[in-house]
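In this text, all values refer to a predicted model and were calculated from it rather than measured experimentally. Below, read A as the first sequence line, B as the second, and so on, with proteins coming before strands; counting in each chain starts at 1.
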There are 2 protein chains.
Amino acid sequence: MTIHLTPGRLVTIADVARAAGVGESTVSRVLRGHGSFSKKAGERVLEAAARLGYVPNRLAGSLAGNAASGGSGLVGIIIPSLANIVFPDLLRGLTGALDVTGFQSVIGVNDYDPEREEALVAGLLSWRPAALVLTGLEHTAATVTLLRAAGIRIVEMIDTDGPGLDIVVGFSNRAVGHASARHLIGRGYRRLAYVGHDLGRDLRAAKRLAGFEAALAESGLSLHARELVEGPSSAAAGRAALDALMARVPEVDAVYFSNDDMALGGYFCCLGHGWTVPDRVALFGCHALDITASMPQPLSTMRTPRLEIGRTCAERLTAGGPPGTVDLGFELSEGATA
Amino acid sequence: MTIHLTPGRLVTIADVARAAGVGESTVSRVLRGHGSFSKKAGERVLEAAARLGYVPNRLAGSLAGNAASGGSGLVGIIIPSLANIVFPDLLRGLTGALDVTGFQSVIGVNDYDPEREEALVAGLLSWRPAALVLTGLEHTAATVTLLRAAGIRIVEMIDTDGPGLDIVVGFSNRAVGHASARHLIGRGYRRLAYVGHDLGRDLRAAKRLAGFEAALAESGLSLHARELVEGPSSAAAGRAALDALMARVPEVDAVYFSNDDMALGGYFCCLGHGWTVPDRVALFGCHALDITASMPQPLSTMRTPRLEIGRTCAERLTAGGPPGTVDLGFELSEGATA
DNA sequence: TTGAAAGCGCTAACAT
DNA sequence: ATGTTAGCGCTTTCAA
């Protein structure tokens, strides 16, 4: 049976009600399995909805349902970048867990820029999300004001080094840096250098470096040299930076990289020069990207629980528990490069 | 001045109107820069909105504005995976261009599963998005029905090998495979093998292989061997698969990988065995991931315009042009491995 | 068990 | 230039 509708007009609950011969509220009850209704009414509504190809309008649903309490089925997510696989990993954990509970992820990418984050928060808030997930603990004052006024759950993910607004899920980047230094010192390296990318933007990398230097200081050491590149991390940047570093300070015996991308580039640099790793120079990364486990010499790095962070964020959000910090820790991934 | 509001109640346009001493519609006009209003009214509204911390409710806005014509400021995006950097790259191009035009991206990940895509399409449609962006051309019949009934713009990205529903932006995966084979044949390789991942799920990879084999056939050749791994692509899988392949069929002189992840793993395999590349065995990938340009021997691969695809999708969507296919092509990235 | 009716916050005629 | 009014599609009292 063909149904004729005004072109461009989508099927509404009223259409379904008419087709099923019941009232609109009955349709609503049946479709959401709420209230009570007769078996017969249920069948007729379901049949009519299927026949007409009814697709609920959640804009209207959210508006009517609980607009005052600010809860649609959307969850806003803001990450700094999509170019570094670390953030897609977080997203993966989040969306995977969120999908199951019927939430849709609305995402924004702020390019490591707090001002951009502020604009994205304002934009996302206009969709009255049930919750907002941010990356890191540092935000502009205006962002915090917006967040507070929104009256929804806020999760800050990845970094636990500082106070959060509501729920915080991640690990201590400072502790990662500290543990990395302890490992290298324990291996006997003494002339340690750092190779990293733009620290002004990647605050987590800066915290790792701070932890690293703190551990050195505790052992009476200090950073022997550092090489920073402009812009984001990449294998190309890591390769070029290590190249420059070793030309400038050849006595360096171990290098701590801002992350695995950079470290992989560093490893390629060593291969290109024919330097033996770790004898000529030891390499240590961060994040334990899958790829670095397949290197001829697996990279020594720290495994960070990215998927689990995403999953945990989603769980805490939907569970409705109290505010607080969840530290998921990290783990040494002992490779053959340090 | 502190403003007291019922706790949990968000500031509405009515609150702003009252505070500014104007009518609701004037507030609406000012805030959206539509219609006409006096300079004075404009100032008072803006001041009141800022003071009260007004955040527009786009759920209500979309519902009132043009719910019938089905256009909110949301764009739904469905990708098969977030684990393979190819898709975050597409997302990056998309969200970057979409943000600028005031659209928010709502994303779904279907794990290469058409049934899951169908569920995601139904879910996304309930937010009455202005448009939907899908990956690839293959969908379930029910998905196509939903899409047709929705009456919104649809973009299918990445693959141009087949008819689309509305707008198609990408490149010919078949042509990529074909050109890859031509390159290897031109280099003099004759015992060519394929190393890939789950072809039943990654249909684009399957099309590349089909194009590859077609080119071989045109030269009177055929695939000398193939090694397929279960599950998704990864460096680890590429490494293990090449290892198994070369043990089984040592006379192979060139390997075409399903993508750069796999090829990088293959390169690591060669390094581990001390095989010279490309003399012992040549390697060819797909996608030209940044990382492969930093290898001691840059990987020979095909550069695919992922960011540009994302950007172009966004542009076509917002431009409101006619349906059609946009082939953005691809380019040989001549490395040192083939 | 069910329908009628009143909004949710906003936009878009329509008056003025 | 600006206020009033009628919905957008849905959920939720409130009666019946």
Please tabulate, one pair per line, each protein N/O and nucleotide N/O from nucleotides 13-16 of chain C that are separated by under 3.5 Å, including the distance.
none

Residue pairs, two or more places apart or on separate chains, that pass side-chain hydrogen bond (donor to acceptor under 3.5 Å, both in side chains) and touch residues 20-38 of chain A: none

Candidate pair Val55(B) and Val11(B), rule side chain to side chain contact (heavy atoms under 4.5 Å, CB included), full reasoning: CA-CA 7 Å; Val55(B) 176; Val11(B) 180; over 6 Å; no

Which atom of Pro129(B) lies closest to which atom of Val75(B), heavy atoms considered: CB-CA, 4.4 Å

Separation of dT11(D) atom C1' from Leu59(B) atom CG, nearest Å, is 14 Å

Contacts satisfying side-chain hydrogen bond (donor to acceptor under 3.5 Å, both in side chains) that involve residues 133-156 of chain B (not counting sequence neighbours) are Glu117(B)-His139(B), Glu118(B)-Thr140(B), Glu138(B)-Lys207(B), His139(B)-Glu156(B), Thr140(B)-Thr143(B), Arg153(B)-Asp166(B)

If you take any heavy atom closer than 4.0 Å to DNA chain D, which residues from residues 30-42 of chain B end up in contact? Ser36(B), Phe37(B), Ser38(B), Ala41(B)

To the nearest Å, give me how far apart CZ (Arg9(B)) and P (dC8(C)) are. 9 Å

Rounding to a whole Å, what distance do you find between Leu63(B):CG and dC10(C):P? 12 Å

Residues in side chain to side chain donor-acceptor pair (under 3.5 Å) with Arg116(B), at least two apart? Asp99(A)

Whole-Å distance, Trp127(B) CH2 to dC10(D) C1', equals 12 Å

Taking for each residue the nucleotide of DNA chain D bearing the nearest heavy atom, is the 5' side occupied by Ala60(B) or by Glu24(B)? Glu24(B)

Starting from P on dG9(C), measure out to CD1 on Ile13(B) and report it in whole angstrom. 11 Å

Start with the C-alpha distance between Arg306(A) and Val86(A), add both sets of side-chain angles, then the distance that settles side chain to side chain contact (heavy atoms under 4.5 Å, CB included), and finish with yes or no. CA-CA 7 Å; Arg306(A) 301 182 298 280; Val86(A) 166; 3.6 Å; yes

Atom pairs and distances, side-chain donor-acceptor, residues 100-112 of chain B, under 3.5 Å, sequence neighbours left out:
from: Thr101(B); atom 1: OG1; to: Ala97(B); atom 2: O; distance (Å): 3.4
from: Thr101(B); atom 1: OG1; to: Leu98(B); atom 2: O; distance (Å): 2.8
from: Asn110(B); atom 1: ND2; to: Asp113(B); atom 2: O; distance (Å): 3.2

Any salt bridge between Glu315(A) and Arg311(A), counting N to O under 4.0 Å? no

Rounded to whole Å, how long is the line connecting atom CG of Leu52(B) with atom P of dG9(C)? 15 Å

